S.K.: 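Next up is a structure, given as structure tokens.
Nothing here was measured: the structure is a model prediction, and the numbers come from that model.
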Amino acid sequence: MQYTEGKPGRVFIVRVDHGEDVIATLLQFVRDHQVHSGYIRFIGALESGQVVTGPEVLVLPPDQHFESFFGGWEVIGMATITPDKNGPHLHVHASVGRGNKVLTGCLRGEIITYIVVEAVITELIGVDVQRVLDPVTGMQLPVLKHER
């Protein structure tokens, strides 16, 4: 286990409008406001997108299984904001549902808003975290200052 400790900084409420890409909009916002570390909570509805719902088979590195959704899905989700060599990185997980169907996992690619997505962004100050390529998983994973 690794950990780091910090304190909350600025808090923003952001409205992502109909037709906007949720991830691209939120990423641009955290870049523009220089939020290097933190988290995002959001609710609303999505027109379309893709979600990784797990691996095809349980191996490392994973072969990710993608599901697409279209046509107006409710969403509740959360993202971490961590620094990367190219600026802030968002790792976004959500549950999307329509009727009696629900998908849960990591949102990927273009995620288009239906009507509105409301997001609360909380900046974290004083945390020591970086994204580093993990050779076992082949993914950019967070590396935290302290280990236990």
S.K.: Compare all side-chain heavy atoms of Glu118 with those of Phe42 and state whether any distance is below 4.5 angstrom.
M.R.: no

S.K.: Any chance you could measure Lys145, atom NZ, to Gln130, atom CD, to the nearest 0.5 Å?
M.R.: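 It comes to 12.0 Å.
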
S.K.: Does any non-hydrogen side-chain atom of Val16 lie less than 4.5 Å from one of Leu26?
M.R.: yes

S.K.: Measure across Val117 and Ala45 and return the closest heavy-atom pair with its distance rounded to 0.1 Å.
M.R.: CG2-O, 3.6 Å

S.K.: Measuring from atom CG of Leu124 to atom OG1 of Thr82, what distance do you get when rounded to the nearest 0.5 angstrom?
M.R.: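 Reported value, rounded in 0.5 Å steps: 11.0 Å.
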
S.K.: Between His36 and Gln34, do the side chains contain a donor N or O and an acceptor N or O under 3.5 Å apart?
M.R.: no

S.K.: To the nearest 0.5 Å, how far apart are CD in Glu47 and CH2 in Trp73?
M.R.: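 Between atom CD of Glu47 and atom CH2 of Trp73 there are 13.5 Å.
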
S.K.: Hydrophobic clusters here meaning ILVMFWY residues chained together by side-chain heavy-atom distances under 4.5 Å, can you tell me if Ile23 and Met139 are in one?
M.R.: no

S.K.: Using distance alone, with no hydrogens and no angle criterion, decide if His93 and His91 have a side-chain donor and acceptor under 3.5 Å apart.
M.R.: yes

S.K.: Using the side-chain contact (heavy atoms from CB on, under 4.5 Å) rule, pick out the option among Ile81, Thr122, Val14 that qualifies with Ile40.
M.R.: Ile81

S.K.: What distance do Asp128 atom CG and Gln2 atom CD have between them, rounded to the nearest 0.5 Å?
M.R.: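 So the gap between those two atoms works out to 10.5 Å.
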
S.K.: Name the residue from Phe69, Tyr114, Phe70 that meets the side-chain contact (heavy atoms from CB on, under 4.5 Å) definition with Leu46.
M.R.: Phe69

S.K.: Report the residue from Leu141, Val143, Asp84 that forms a side-chain contact (heavy atoms from CB on, under 4.5 Å) with Val132.
M.R.: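 The side-chain contact (heavy atoms from CB on, under 4.5 Å) with Val132 is passed solely by Val143 among Leu141, Val143, Asp84.
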
S.K.: Do any pairs count as a salt bridge (Lys or Arg N to Asp or Glu O under 4.0 Å) and have a residue in residues 26-45, sequence neighbours left out, and if so which ones?
M.R.: none

S.K.: Within the structure provided, determine whether Pro83 and His89 are in side-chain contact (heavy-atom separation under 4.5 Å).
M.R.: no

S.K.: Nearest 0.5 Å, what's the OG1-CG distance between Thr137 and Leu133?
M.R.: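 CG of Leu133 is found 7.0 Å from OG1 of Thr137.
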
